[in-house]
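Since the structure comes first, as structure tokens, the remarks are kept for the end.
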Amino acid sequence: MATTFGGAPVAINIKGLYAAYQRQPVLEDINLQFPAGKWTAIVGPNGAGKSTLFMSLPVA
């Protein structure tokens, strides 16, 4: 598990995520870190890529 956020453990670390639908880019070069033990929300309008982000995460 990587450590960032001032030494706190990171639950999810995303670097350079790219996702497309029918060759049309939806998410490009997304970099995010979610700290372990903290609540995190992804918000935005319809069509912003929230569901695509979560569908693109690898399952451990």
Side-chain angles (χ1 to χ4, degrees):
M1 189 176 287
T3 59
T4 58
F5 294 100
V10 174
I12 299 174
N13 189 23
I14 302 168
K15 288 187 179 179
L17 178 69
Y18 174 89
Y21 286 114
Q22 299 176 354
R23 298 185 180 160
Q24 180 65 37
V26 178
L27 302 174
E28 296 183 79
D29 198 26
I30 302 297
N31 299 300
L32 298 170
Q33 291 181 329
F34 300 107
K38 301 285 184 181
W39 285 89
T40 302
I42 302 295
V43 297
N46 291 347
K50 300 177 300 289
S51 296
T52 302
L53 172 67
F54 287 106
M55 295 297 288
S56 300
L57 296 177
V59 177

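- Partners of T52 according to the side chain to side chain donor-acceptor pair (under 3.5 Å) rule, which considers only residues two or more places apart in sequence or in another chain, are Y21.
- In this structure, D29 and G16 approach most closely via the heavy-atom pair OD1-CA, 3.5 Å.
- Placement of Y18 and L53 in two distinct hydrophobic clusters is found when ILVMFWY residues are connected by side-chain heavy-atom separations under 4.5 Å, directly or transitively.
- If you chain together hydrophobic residues whose side chains sit under 4.5 Å apart, F54 and L32 fall into the same group.
- Residues I12 and L17 are members of one and the same hydrophobic cluster, defined by side-chain heavy-atom contacts under 4.5 angstrom among Ile, Leu, Val, Met, Phe, Trp and Tyr.
- Taking K15 as the reference, N13, N31 meet the side chain to side chain contact (heavy atoms under 4.5 Å, CB included) condition, with sequence neighbours excluded.
- The distance from atom CG of N46 to atom OG of S51, rounded to the nearest 0.5 Å, is 9.0 Å.
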